[in-house]
Amino acid sequence: MTHVIDARPQEDVIQIQDLRTAFGSHVVHEKLNLNVKRGEILSLVGGSGSGKTTLLRQMIALDRPVSGVVKVFGQPVHGGSPGRRRALRRRWGVMFQAGALFSALSVYDNVALPLRELRTLPEDLIHDAAMTRLALVGLDARDAAKRPSDLSGGMVKRVALARALALDPELLFLDEPTAGLDPDRSDAFVDLLKDLHRQLGFTVIMVTHDLDTLFALSDRVAVLAERRVIVCAPVAQVLAVDHPFIQGFFLGERGRRAQAELTPSRSV
């Protein structure tokens with residue numbers, strides 16, 4: 001039985017009902033249910049093979065489940081007309097784990113690409129919007145001319161985030177946003193995400209295995225195990241659930257260290 005602990009009055013921007021995912025005879029999700037509230041930062045965690053990234057890809061319509069319903073902003077993401085799906089996708093941004101920048105394009109052109117794909121904006125407005133997004137993530141005109149191969153890991157993350165924000169999304173999907181960063185750059189990126197979330201008010205769905213990032217950012221945590229979401233709640237309430245994965249992941253040495261380093265503003 002799923003532990004339904006946190007029930008807040010915000011509107012659901014994502015509703016997942018009775019999801020089943022299978023690859024041949026291998027079942028990844030079975031009767032999985034999850035709601036995401038407007039304005040929150042929700043983290044998805046689970047062991048290897050629990051289907052975290054698969055679930056994220058289903059939310060953005062890159063993968064399709066065997067059965068069940070995935071709704072974003074009240075609309076099913078699978079099926080419907082191509083025009084309706086395009087309009088829906090313009091309301092979210094995605095930051096993939098490795099950045100997924102186009103190596104042949106400059107930083108500026110990577111960020112401008114989603115704006116150009118609209119085919120409705122003049123180039124001067126695209127330029128202003130792209131440079132504004134770069135400024136939001138702490139980059140400037142000198143950085144805009146660089147190629148992805150010239151960037152540090154932290155800068156790749158920032159450019160990928162700027163591109164994800166290009167269309168002023170209401171919803172932001174992050175796949176392992178701090179993976180591969182050293183502790184200082186990871187902390188700086190977490191601080192950037194906090195500031196942007198506070199300024200812009202978007203909803204965040206984040207796949208992460210990094211406990212420092214999870215504790216610093218999450219309003220709620222959805223734990224995937226046994227092919228479903230076994231609990232979705234604030235961290236303190238997740239820790240109270242007696243389950244082997246939760247005990248091992250959150251209450252091992254790494255988890256205790258991450259909790260000890262929390263700032264007073266975000267306690268467990």
Side-chain angles (χ1 to χ4, degrees), residues 1-19 29 31-47 50-60 69-74 92-95 169-178 189-191 193-198 200-243 245-251 254-255 258-259 261-268:
M1 179 181 295
T2 299
H3 298 259
V4 180
I5 295 176
D6 189 44
R8 292 179 291 177
Q10 296 105 307
E11 172 193 359
D12 290 333
V13 294
I14 297 178
Q15 298 168 308
I16 300 174
Q17 300 171 333
D18 292 331
L19 194 76
H29 305 136
K31 293 188 180 299
L32 184 151
N33 295 283
L34 178 67
N35 288 2
V36 181
K37 307 294 184 182
R38 182 175 295 278
E40 75 174 334
I41 299 178
L42 183 137
S43 294
L44 296 174
V45 302
S50 61
K52 304 179 295 297
T53 296
T54 298
L55 182 58
L56 184 146
R57 289 174 60 87
Q58 289 168 340
M59 293 183 201
I60 60 176
V69 177
V70 180
K71 291 183 178 180
V72 178
F73 303 118
W92 68 59
V94 184
M95 179 183 159
E170 301 165 61
L171 186 55
L172 188 62
F173 295 93
L174 308 175
D175 189 7
E176 299 286 3
T178 55
F189 197 74
V190 165
D191 288 342
L193 286 170
K194 280 183 183 177
D195 288 343
L196 291 174
H197 180 253
R198 185 164 50 247
L200 304 177
F202 45 66
T203 306
V204 178
I205 296 91
M206 174 175 67
V207 173
T208 185
H209 71 279
D210 183 81
L211 286 164
D212 293 316
T213 299
L214 183 148
F215 285 133
L217 290 175
S218 305
D219 292 306
R220 291 193 301 158
V221 178
V223 180
L224 275 66
E226 302 171 13
R227 302 176 179 175
R228 57 190 173 84
V229 175
I230 61 169
V231 60
C232 183
V235 173
Q237 297 177 37
V238 170
L239 296 177
V241 175
D242 185 12
H243 188 278
F245 173 77
I246 291 172
Q247 300 301 306
F249 183 74
F250 289 98
L251 300 178
R254 288 176 59 246
Q259 292 176 61
E261 293 173 354
L262 285 175
T263 61
S265 62
R266 177 69 64 102
S267 64
V268 299

Note to self: To the nearest 0.5 Å, what is the distance between CG on Leu174 and CG on Leu42?
What the structure shows: 11.5 Å
Note to self: Could you tell me if the side chain of Leu193 sits less than 4.5 Å from the side chain of Leu217, heavy atoms only?
What the structure shows: yes
Item checked: Partners meeting side-chain contact (heavy atoms from CB on, under 4.5 Å) with Ser50 (sequence neighbours left out) -> Lys52, Leu224
Notebook entry, point to check: Say you draw a straight line from CG of Asn35 to NZ of Lys71; how long is it, rounded to the nearest 0.5 Å?
Noted result: 10.5 Å
Margin query: Within this structure, what is the OG1-CD distance for the pair Thr208 and Glu176, rounded to the nearest 0.5 Å?
Written below: 5.0 Å
Next item on the list: Please round to the nearest 0.5 Å and tell me the distance separating atom CG of Leu172 and atom CE of Met206.
Entry: 10.5 Å
Next item on the list: Mind checking side chain to side chain donor-acceptor pair (under 3.5 Å) for Glu226 and listing every partner two or more places apart, or none if nothing turns up?
Entry: Arg228, His243
Checklist line | Gap between atom CG of Leu196 and atom CG of Asp191 - 0.5 Å precision | finding: 11.0 Å
Check: Quick one: does Trp92's side chain get under 4.5 Å of Thr203's, heavy atoms only?
Finding: no
Check: Would Ile14 and Ile205 satisfy side-chain contact (heavy atoms from CB on, under 4.5 Å), going step by step from the backbone distance to the final call?
Finding: CA-CA 10 Å; Ile14 297 178; Ile205 296 91; 3.5 Å; yes
Check: Is there a donor-acceptor pair under 3.5 Å between the side chain of Gln247 and the backbone N or O of Val241?
Finding: yes
Next item on the list: Would you indicate whether the side-chain heavy atoms of His197 and Phe202 approach each other to under 4.5 Å?
Entry: yes
Notebook entry, point to check: Backbone N or O of Asp18 within a donor-acceptor pair of the Asn33 side chain at under 3.5 Å?
Noted result: yes
Notebook entry, point to check: So do the side chains of Met59 and Ile16 get within less than 4.5 Å of each other, counting heavy atoms only?
Noted result: yes
Check: Side chains of Thr213 and Thr178: donor-acceptor distance under 3.5 Å anywhere?
Finding: yes
Note to self: If I compare all heavy atoms of Arg220 with all of Pro234, which pair ends up nearest, and what's the gap?
What the structure shows: CG-N, 4.0 Å
Next item on the list: Could you pull out all residues at least two apart from Asp195 that satisfy side chain to side chain donor-acceptor pair (under 3.5 Å)?
Entry: Arg198
Check: Which pair of non-hydrogen atoms, one from Val221 and one from Val238, has the smallest distance, and what is that distance?
Finding: O-CG2, 3.8 Å
Check: Measuring from Met95:CE to Asp175:CG, what's the distance to the nearest 0.5 Å?
Finding: 9.0 Å
Check: Ser43 pairs by side chain to side chain contact (heavy atoms under 4.5 Å, CB included) with which of Val223, Val204, Leu214, Asp219?
Finding: Leu214
Item checked: Non-hydrogen side-chain atoms of Phe73 and Glu170 separated by less than 4.5 Å -> yes
Next item on the list: Identify which one of Leu55, Thr54, Leu44 satisfies the side chain to side chain contact (heavy atoms under 4.5 Å, CB included) criterion when paired with Val207.
Entry: Leu44
Next item on the list: Quick one: do Arg38 and Asp12 satisfy salt bridge (charged side-chain N to carboxylate O under 4.0 Å, His left out)? Show the steps, please.
Entry: CA-CA 6 Å; Arg38 182 175 295 278; Asp12 290 333; over 6 Å; no
